Amino acid sequence: MVGKIIFSKVLEMPLVNYIRFIEKTTKQYLEFDKKKLFYAKIMIRDGTLFFEVPDKRLVNIYSTENYTKNKIICSLIWINTRNKFSLHILRNLLHYQSKYWFSGKEIDLKPLTYKQFLSLYPLQYLDQSRLSRLIPNLSVMTPQNQVINLKSLFISKKKYHSYLIKEIVDDNENPLKDKDIQYILTQKGINLSLRTICNCRKSLNIPNYREKDSYYYEKDITFNDYIMLSKKNLNKIPNDAGVYELSISSKIDYLNRRSNVIYIGSSKNLRKRIVNYFGNKLKNNCLKNFINSYDTFLRFCLTGDHILVEKTLLKNFRSIYGMLPKANSVGG
DNA sequence: CGCTTATCTCTGTCCAGTCG
DNA sequence: CGACTGGACAGAGATAAGCG
């Protein structure tokens with residue numbers, strides 16, 4: 001009984017702690033770089049995928065014969081089991097997500113849940129609860145030299161569908177209605193309700209067919225999700241250079257069409273700039289009025305070329321809406 | 001060398017609001 | 001008015017966590 005509980009703890013150990021645990025059990029202490037620690041490195045040679053585990057202790061199967069103490073034997077068995085699990089998981093993920101390993105692009109990930117993985121690649125004693133305890137503690141280096149967590153290979157159907165929809169929308173010059181997207185997906189053998197497609201679009205900030213030609217920014221600018229403008233959320237804004245957009249929840253009339261956007265700006269330090277909005281330093285009265293009377297939302301895009309990008313965005317905005325955002329046009 | 005429960009996430013239904 | 005999207009919500013399903 002107690003053994004099971006402790007075994008769960010062994011599975012939950014981050015790699016650093018796990019290696020310490022192995023060292024303590026085997027009394028073999030070795031130097032290793034704690035900061036650059038990952039379970040395995042995945043490589044491609046001659047068009048074949050394979051991986052290397054730099055730290056052999058993570059794959060070793062230890063013999064229990066030389067020990068008499070029950071406690072040590074238990075620990076060694078746990079280590080052996082975790083090593084077996086890890087190897088099994090990585091081997092099969094290499095196979096299942098092979099397209100992704102080659103390209104490094106999220107869109108090439110196939111949807112996968114823990115449950116599915118277990119039914120595809122069963123292993124004795126490996127169950128859902130153990131999988132969910134071990135996976136988040138395993139990181140690997142991809143052929144593209146990025147360290148990723150194995151958890152990110154288990155993407156939900158929703159994410160998978162979202163990426164598909166993004167691809168479809170990006171590939172089509174014409175604005176697509178959700179029904180059009182649904183039809184294209186059906187041809188690929190995927191049946192989704194309109195509501196789900198709508199949700200997927202929203203999760204990746206993909207415009208709907210009405211909004212598509214009213215976007216004043218190009219595909220290559222990706223804003224973060226909307227953040228409510230409040231003191232509480234200041235820590236979500238990075239101290240980096242970029243452009244930002246302020247909007248309110250209701251639409252405002254512009255010359256050509258309506259929009260929620262009230263201001264577009266840029267700064268060398270986004271957080272510092274936004275902090276100013278809460279003091280008395282804000283001189284733009286129009287903006288001040290908006291912020292005081294409505295819930296205001298912020299989103300930003302980090303870029304070193306913030307001044308140039310801001311200019312382009314304002315120009316685009318004017319050509320689509322007939323005028324600058326309300327709070328930009330006055331005194332700005 | 002699990003089982004159970006709490007919590008989170010996803011997906012579809014219903015309906016309201018917007019646009020032309 | 002019809003066509004369409006988006007919000008609230010509920011049921012189902014997946015995952016994280018508690019425990020003997």
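Keep in mind that what you see is a predicted model, and the values were worked out from it rather than measured. The analysis underlying the following values was restricted to heavy atoms, covering all of them including side chains, and did not include hydrogens, waters or symmetry mates. Chain letters run A, B, ... following the sequence lines, proteins first and then strands; every chain starts at 1.
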Response to the item:
Result for ring pair (Phe, Tyr, Trp, His ring centres under 6.0 Å) between A:F223 and one of A:Y244, A:Y217, A:F297 points to A:Y217
Practice prompt. For C:dG20, give its Watson-Crick or G-U wobble partner with both distances under 3.5 Å, or none.
Written response: none
Worksheet item: Which part of the nucleic acid, if any, lies within contact of A:I77, taking any heavy atom under 4.0 Å across all strands shown: a base, the sugar-phosphate backbone alone, or nothing?
Response: base
Fill in: Euclidean distance, atom NZ of residue A:K179 to atom P of C:dG6 [Å, nearest integer]
15 Å
Practice prompt. Would you mind reading off the distance between A:Q182 atom CD and C:dC4 atom C1', rounded to a whole angstrom?
Written response: 12 Å
Tabulated below should be each protein N or O lying under 3.5 Å from an N or O of nucleotides 18-20 of chain B; please produce it.
| residue | atom | partner | partner atom | Å |
| --- | --- | --- | --- | --- |
| B:dC19 | OP1 | A:R258 | NH1 | 3.2 |

Which pairs, protein N/O on one side and nucleotides 3-10 of chain B N/O on the other, fall under 3.5 Å?
| residue | atom | partner | partner atom | Å |
| --- | --- | --- | --- | --- |
| B:dC10 | OP1 | A:S156 | OG | 3.2 |

Worksheet item: What is the pairing partner of B:dC1, taking Watson-Crick or G-U wobble pairs with both distances under 3.5 Å in any strand?
Response: none
Worksheet item: Does a sphere of radius 6.0 Å around NZ in A:K71 hold more than 12 heavy atoms from other residues, nucleotides or ligands, not counting ones at 6.0 Å or beyond?
Response: no
Worksheet entry | B:dG12 phosphate, OP1 or OP2, under 4.0 Å from A:S193 side-chain N/O | yes
Worksheet item: So with a 6.0 Å cut-off around CG of A:L204, is the heavy-atom count from everything else above 12?
Response: yes
Worksheet item: What is the distance, rounded to the nearest whole Å, between atom CG of A:L185 and atom C1' of B:dT11?
Response: 14 Å
Worksheet item: Within the structure shown, what part of the strands sits under 4.0 Å from A:T81 by heavy-atom distance: base, sugar-phosphate, or nothing?
Response: base
Worksheet item: Taking only side-chain nitrogens and oxygens of A:R82, does any of them come within less than 4.0 Å of OP1 or OP2 of B:dC1?
Response: no
Worksheet item: Whole Å only: how far is the CG atom of A:D178 from the P atom of B:dG12?
Response: 13 Å
Discussion item. Just to be sure I understand the rule, does A:K151 reach a base, reach only the sugar-phosphate, or reach nothing, if contact means heavy atoms closer than 4.0 Å?
Written reply: sugar-phosphate
Fill in: Below 4.0 Å: OP1/OP2 of C:dA16 and any side-chain N or O of A:Y114
yes
Fill in: d(CG, A:L134; P, C:dT15) in whole Å
15 Å
Practice prompt. For A:K288 and A:L282, indicate whether the former's side chain and the latter's backbone hold a donor-acceptor pair under 3.5 Å.
Written response: yes
Worksheet entry | Spacing between A:N199 atom CG and C:dA10 atom C1', to the nearest angstrom | 14 Å
Worksheet item: Given the rule in the side chain to side chain donor-acceptor pair (under 3.5 Å) test, do A:N199 and A:R195 qualify, once you have shown the distances and angles that lead to the verdict?
Response: CA-CA 6 Å; A:N199 284 336; A:R195 193 73 198 86; 3.3 Å; yes
Discussion item. With no hydrogens and no angle check, just 3.5 Å: does a side-chain donor-acceptor pair link A:N83 and A:Y18?
Written reply: yes
Discussion item. I need the NZ-C1' distance between A:K202 and C:dA8, as an integer number of Å.
Written reply: 12 Å
Discussion item. Regarding C:dG7, can its base be found pairing with the side chain of A:R195 as donor and acceptor, where the two atoms are less than 3.5 Å apart?
Written reply: yes
Worksheet, complete the sentence: Partner of A:Y121 under side-chain hydrogen bond (donor to acceptor under 3.5 Å, both in side chains), picked from A:R91, A:H88, A:H95, is A:H95
Worksheet, complete the sentence: In whole angstroms, the gap separating C1' of C:dA14 from CG of A:L131 amounts to 12 Å
